[in-house]
Structures are given as structure tokens and as C-alpha cells.
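As C-alpha cells, the structure follows; a few thoughts come after it.
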Amino acid sequence: MHHMTLAEIARGLADKKFSSEELTKVLLARIAQLDPQLNSFISLTEELALGQAKAADARRANGESGALLGAPIAHKDLFCTQGIRTSCGSKMLDNFKAPYDATVVAKLAAAGTVTLGKTNMDEFAMGSANESSYYGAVKNPWNREHVPGGSSGGSAAAVAARLLPAATATDTGGSIRQPAAFTNLTGLKPTYGRVSRWGMIAYASSLDQGGPLARTAEDCAILLQGMAGFDPNDSTSIDEPVPDYSASLNGSLQGLRIGVPKEYFSAGLDPRIAELVHNSVKALEKLGAVIKEISLPNMQHAIPAYYVIAPAEASSNLSRFDGVRFGYRCENPENLIDLYKRSRGEGFGAEVQRRIMVGAYALSAGYYDAYYLKAQKIRRLVKNDFMAAFNEVDIILGPTTPNPAWKLGAKNSDPVAEYLEDVYTITANLAGLPGLSMPAGFVDGLPVGVQLLAPYFQEGRLLNVAHQYQLNTDWHTRTPTGF
Ligand code: GLN
């Protein structure tokens with residue numbers, strides 16, 4: 001039962017082959033048995049899940065239908081869930097029970113999903129390895145000595161290990177696409193403003209975007225359908241109609257113009273990944289796509305710009321965690337300043353503190369122009385590169401990451417080495433564009449992803465290309481040994 005995709009589950013439930021309650025029990029037992037090897041969950045919500053499953057079965061018995069009605073999922077632990085711990089992977093919020101549901105959580109619950117639990121993540125979504133979590137590192141089911149990617153590593157490891165069919169995740173600089181690549185999943189970061197950020201604990205507000213992690217493009221379409229849409233509670237949410245994503249999957253790729261940026265193949269890219277990228281290009285050419293070399297000349301400046309803008313926004317967003325309003329409070333503070341200092345010093349981990357310091361520095365008087373303002377100018381140049389490219393092509397294709405998943409601990413002493421691994425993903429966040437990573441082969445037994453980028457609100461086009469690719473390849477069907 002645990003091998004089923006969301007689409008297969010929807011058909012099985014509709015045909016009354018099994019109930020949501022039966023499926024939920026199977027998956028909860030599987031999580032209890034196997035998750036100790038992975039550490040992909042921070043909290044399990046068995047009672048909630050069984051209640052939601054029974055309610056979904058009752059709705060179906062009353063004649064309701066829907067692809068998500070009775071579908072088991074999990075939420076990354078930065079989506080607020082009413083009455084349930086929402087930790088953001090941090091000691092700071094270890095005791096925080098959200099007083100309300102995030103819009104994404106509420107929308108998916110209304111569609112009938114069953115929440116099995118809250119997944120592990122890098123602390124405050126800062127990281128690319130899921131090693132900075134207060135709850136310990138997540139292991140990659142493909143090789144438990146390796147990282148699953150981050151910051152949505154818990155969602156990715158759980159879905160890859162078939163503990164559940166799909167999960168929510170968020171992507172500020174790659175945290176949906178990169179763990180998808182490292183664990184052989186399909187993950188989609190929507191256009192900025194497509195999915196509500198209300199109730200999603202903020203890391204860098206101008207970059208954060210929620211989206212689906214699943215095994216197939218077909219399943220990403222189903223989950224995104226339940227997540228997307230205008231939300232008056234989020235001032236950056238965009239009031240655009242949500243298309244039928246599942247209906248977009250079957251378009252022909254005949255004549256589709258795919259741009260491959262020459263800058264993607266410079267030093268730093270593992271040549272074995274380059275070869276897999278070329279293979280995926282050939283596979284899409286066979287389906288009728290036309291390939292064109294393009295250029296994104298400002299790409300080389302994107303990492304330094306991102307690692308100024310994201311920490312700057314984080315330093316501002318995380319100022320609310322002061323030991324007073326919610327979250328961790330130090331013991332016996334001597335005075336107010338001591339309360340602030342020790343609550344934050346003890347409640348935040350090293351990487352979060354590093355980012356707050358970098359961000360506060362970049363925003364401070366005297367340095368603002370030199371760092372923050374300059375980074376914003378680079379951000380515009382990165383966006384302009386994409387706008388020029390999308391005048392010539394319909395989709396941009398390249399690697400999701402320069403290397404496959406590294407060993408646990410390998411980059412702990414060198415944060416910049418980890419930042420450099422985000423080179424292919426962060427440009428989409430800087431520009432606000434949608435991006436998708438899909439399985440495209442293996443290197444040394446570890447999965448490799450190919451990234452597709454599209455113009456604003458063309459999530460359907462990304463899903464279409466990925467689905468057609470998946471109908472003609474079988475990388476996405478491979479299962480890690482032991483799961
Ligand atoms: N690795 C990037 C960072 O640490 C992106 C994280 C994310 O997308 N949440 O900021």
C-alpha cells in the first residue's frame with residue numbers, strides 16, 4: 001500500500017479498494033517502524049490523522065469526491081498547525097503550539113488531506129543539508145551516511161522512503177528542489193505569490209514560497225492544486241486564477257523551446273551530473289522539444305547577493321523571538337537586556353545566529369549601500385537575464401545541484417562550501433520564478449535532479465514537461481533499498 005502515489009491513492013479510494021483510515025493506519029505503523037533510521041519527523045499527529053481519515057471516509061460515503069479527499073500527507077514544521085507544536089526545527093520554538101492554522105494547512109485540510117505529522121527541517125529553514133535542526137540531522141534513505149538536502153530534508157526523506165506519498169515544503173533558495181534532487185523526488189517551487197505565506201514562519205519574506213514534494217509531477221500537480229490561490233491575509237499573494245494543473249500534464253512537447261544556459265556547465269559542476277543533464281535534454285528532444293543555448297550572464301553574482309538579502313530579511317524577521325512574546329525564555333534573567341540576550345543566545349543555534357549577525361551588519365548604517373543595496377541591484381540584473389532568456393525560450397533546463405548529496409558532517413566546518421551548493425536554485429527565488437526538480441539518474445548510487453524553470457505562473461508548463469519526461473523514463477520509480 002505504501003508504494004502508491006497520490007494519484008493511485010485517489011483512484012483506490014474512489015473505487016473503494018481501501019479506506020483512508022486503513023491506509024492511514026498502514027502508514028503510521030510504517031513511520032513508527034522505519035523513521036528511527038531517518039529522523040524525518042519532529043512530531044507525529046496520530047490522533048489528528050485518524051480523525052481526519054474517518055471524516056474523509058464519511059465525506060466520500062456521502063458522495064463527495066476529490067483527489068485529496070483522504071490523502072495522507074505531512075507538513076514541514078514551519079507551517080503553523082493549530083494546537084500542535086510548530087517548532088521550525090528550533091529550540092526557540094520547541095514549546096510553541098500555534099494558535100491557528102497556516103492558510104496552506106487550512107486549505108489542504110478542507111480538501112480532505114490527512115496530516116500524519118510535522119517534518120524535520122533545518123533550523124528556521126536555513127541550510128542545504130538538514131543538519132542544523134535542533135532535533136538532529138535527517139538521513140538520506142538512499143544512503144544513510146549522506147544528507148537528504150535541506151532545508152525541507154524531513155519532508156523529502158519521508159516521501160522518498162515511502163513513509164507517505166507527498167508532503168508540503170518551502171523554498172527560499174532551493175529547499176524544495178535541492179532535497180528533491182538528493183532523494184529522487186519531484187519538487188516544485190511555485191511563482192512568488194502563488195501560494196499563501198500566511199502562517200508559514202518567515203525566513204526571508206521576499207524569497208519564501210511553499211510548494212509540494214512528491215514522487216511524480218502528476219502528484220505535485222494534485223498537491224499544488226490544494227495549496228495555491230489568492231489569500232487576502234498575505235499582502236504578497238497574487239490574485240490570479242489557479243489553473244487546473246492536472247489538466248496541463250498531457251500537452252505535447254512538440255516545438256517546445258528549451259534553453260540550456262552555457263554558464264551552467266562551468267567549473268564546479270560534477271561532470272557525471274553534466275552527462276545526466278545532457279541525457280535528459282536528449283530525451284526531451286525525442287519528444288519534440290527544440291534545444292537552444294542561452295546565457296544568464298549575471299548568474300555568478302547570485303550567491304553573494306542571496307547571502308546578503310536572505311540574512312538581512314532573516315535578521316529582521318527573527319527579531320520577534322525575544323523571550324517575551326512566545327517561544328524559549330532563559331532561566332532567571334537579571335534584567336530585560338539579559339532576558340533578550342540569553343533567550344536568543346540559548347534558543348538559536350549557530351547557523352541562525354551567524355545569519356542574524358550577517359544580516360544586521362548588512363543593514364546597518366554605513367554598510368547598507370555597500371551590501372544590501374548592491375545585492376538588490378544584482379537581484380534586478382538576475383531577473384533581467386531571465387526576462388531576456390524567456391523572450392527566446394519556453395523553459396530553461398539545467399542541473400538542480402552541482403554535486404550529489406554529500407556525507408553527513410562533510411561541510412559542517414565550512415558554511416560557505418554549503419552556500420555554494422545552492423548555485424543553480426537561488427536565482428529562481430531572487431527573480432520570483434517557478435522551478436521544478438525531477439529525477440534524472442544516479443551517481444555512485446545517489447540520485448541526481450534536473451531543474452526546469454519557467455516564466456511567472458507557468459507552473460502548468462513545468463508539470464507538463466516533467467510529466468511527459470516521466471512517462472518516457474523510469475528514474476522517478478526507483479526506490480531506495482530497505483524502504
Ligand atoms: N540553502 C539556502 C539557505 O540556507 C536555502 C534554504 C531554503 O530554501 N530555505 O538559505
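In each ligand, atom 1 is the first atom listed, and ligand 1 is the first ligand listed. Below, each value reflects all heavy atoms present in this structure, side chains not excepted, and no hydrogens, waters or symmetry copies.
- For Asp422, every heavy-atom contact with ligand 1 shorter than 4.0 Å involves the side chain, none the backbone.
- Against a heavy-atom cut-off of under 4.0 Å, Ala125 is close to the following atoms of ligand 1: 6 (C), 7 (C), 9 (N).
- Close contacts between ligand 1 and Met126 involve ligand atoms 4 (O) [criterion: under 4.0 Å to a heavy atom].
- Phe41 approaches Ala158 most closely through the heavy-atom pair CE1-CB, 4.0 Å.
- Under a 4.0 angstrom heavy-atom cut-off, Arg355 registers as being in contact with ligand 1.
- Between the side chain of Asn184 and the backbone N or O of Pro447, no donor-acceptor pair lies under 3.5 Å.
- Within a 6.0 Å sphere centred on CZ of Arg354, other residues, nucleotides and ligands contribute more than 12 heavy atoms.
- Within the 4.0 Å heavy-atom criterion, neither part of Tyr419 lies near ligand 1.
- Distances below 4.0 Å separate heavy atoms of Tyr307 from the following atoms of ligand 1: 1 (N), 2 (C), 3 (C), 4 (O), 10 (O).
- The closest donor-acceptor contact from the side chain of Ser155 to the backbone of Thr168 lies under 3.5 Å.
- In this structure, Glu275 places its CD atom where only 12 or fewer heavy-atom neighbours from other residues, nucleotides or ligands lie under 6.0 Å away.
- Regarding atom 5 (C) of ligand 1, its nearest protein heavy-atom neighbour is Tyr306 OH, 3.3 Å.
- Using bins of under 30°, 30° to 60° and over 60° for the plane-to-plane angle, the ring pair Phe96/Phe326 lands in the tilted bin.
- For the pair Asp35 and Arg30, the salt-bridge criterion is not met [side-chain N within less than 4.0 Å of a carboxylate O].
- Taking a 4.0 Å cut-off on heavy atoms, Gly174 registers as neighbouring ligand 1.
- Close contacts of ligand 1 with Asp171, meaning ligand atoms under 4.0 Å from a residue heavy atom, involve 8 (O).
- Atoms of ligand 1 lying under 4.0 Å from at least one heavy atom of Gly173, given by number and element, are 5 (C), 7 (C), 8 (O).
- Proximity of Arg177 to ligand 1, defined as any heavy-atom pair under 4.0 Å, is not found for any part of the residue.
- Within the listing of ligand 1, atoms 5 (C), 6 (C), 7 (C), 8 (O), 9 (N) sit less than 4.0 angstrom from a heavy atom of Ser175.
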